[in-house]
Structures are given as C-alpha cells and as structure tokens.
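All figures in this text were calculated on a predicted structure; none of them were measured in a lab. Heavy-atom basis, side chains included; hydrogens, waters and symmetry copies ignored. In listed order, ligands and their atoms are each counted from 1.
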Amino acid sequence: MADQKKNYSVFNMGSFADLEKKEINGKKGKVFLGQELGLTGCEASINSTPAGGFTPFVHSHKMNEELYIVIKGSGFFYVDGEEFPIREGSMIRVAPAGERAIKAGDEGLSYACVQVQQGSLKQATKEDGVITETKTSWM
Ligand code: ZN
C-alpha cells in the first residue's frame, strides 16, 4: 500500500517471467497498480500472458476508456467484431462501450492497460507541466 504522505510511490513487480506465475482474484499474470501505488486518477495493470494464452471473456466498461500499451511480444486484439494483430509498440485506445479481448501470439504478450474515465482529461503536458528550479545530483 502506498504512503499517501509522500509525493511519490514506488512498486516493483519483479520480472515479466515471474508475473506469468502470479495470480490475483483468479486472474493469472496480472498485477493492478492502483492500490500498490495509491493512484487517484486512473487504474492501471501490467499483464503477461504466455504463448497462445488469452482472457476467456469479452468485456466492456461503463465509464472508463482503456489504453493498452504492448511492451513485449505479439498477439491479437478484438474490438466490436474486428480482430487485428498487435506487437511490441502497439497502442490501442478502446472507448468504454467497445467490447474487447486480447490474445497472446506464439512469443507471448506483455502489456500495460491504463483505464481512466472517458472525457476526464482537462489539460495535459503543455498546460499542466511546470519546470522548477530544482537540480538533481546528475544535473
Ligand atoms: Zn477493461
């Protein structure tokens, strides 16, 4: 559980190879970051699926859009009746109503999934980022 008094939190999940063996709430190869890091604006998960593995259901969301970021490997993505290949570097946004599923290819698949309430982003880097005067030891 994250320390909410500090301006940051750190969680080390270990290697992707070890992640495939972990199980949370009946889901293998998945770790949710919201509770581990004390996230307050989004939920995120890191996922690792062995070759040929897949989540055995299609799902949608009520309010949250999802961003899938493929970190390693390849596979296939399904949204609303369409299936397409994905690989390292693929980024997929799915609107809440999109019915989605994911399957690992022959080399397995590691990906991150970030879910956030659709339409909640009111500003981003250009408007929200502030460069401060602070210097680190490497500057
Ligand atoms: Zn989802």
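One distance of note links OG of S110 with CZ of F16; it measures 5.0 Å at 0.5 Å rounding.
Here R93 pairs with E65 in a salt bridge; the nearest charged N to carboxylate O distance falls below 4.0 Å. Looking at R100 and E66, a side-chain N of the basic residue comes within less than 4.0 Å of a carboxylate O on the acidic one, giving a salt bridge.
In summary, H61 places an N/O/S atom under 2.8 Å from the Zn ion (ligand 1), meeting the contact criterion.
Take the N/O/S atoms of H59: the one nearest the Zn ion (ligand 1) is NE2. Restricting E66 to its N/O/S atoms, the shortest distance to the Zn ion (ligand 1) is reached by OE2.
Under the 4.5 Å side-chain heavy-atom criterion for Ile, Leu, Val, Met, Phe, Trp and Tyr, M13 and L33 are members of the same hydrophobic cluster.
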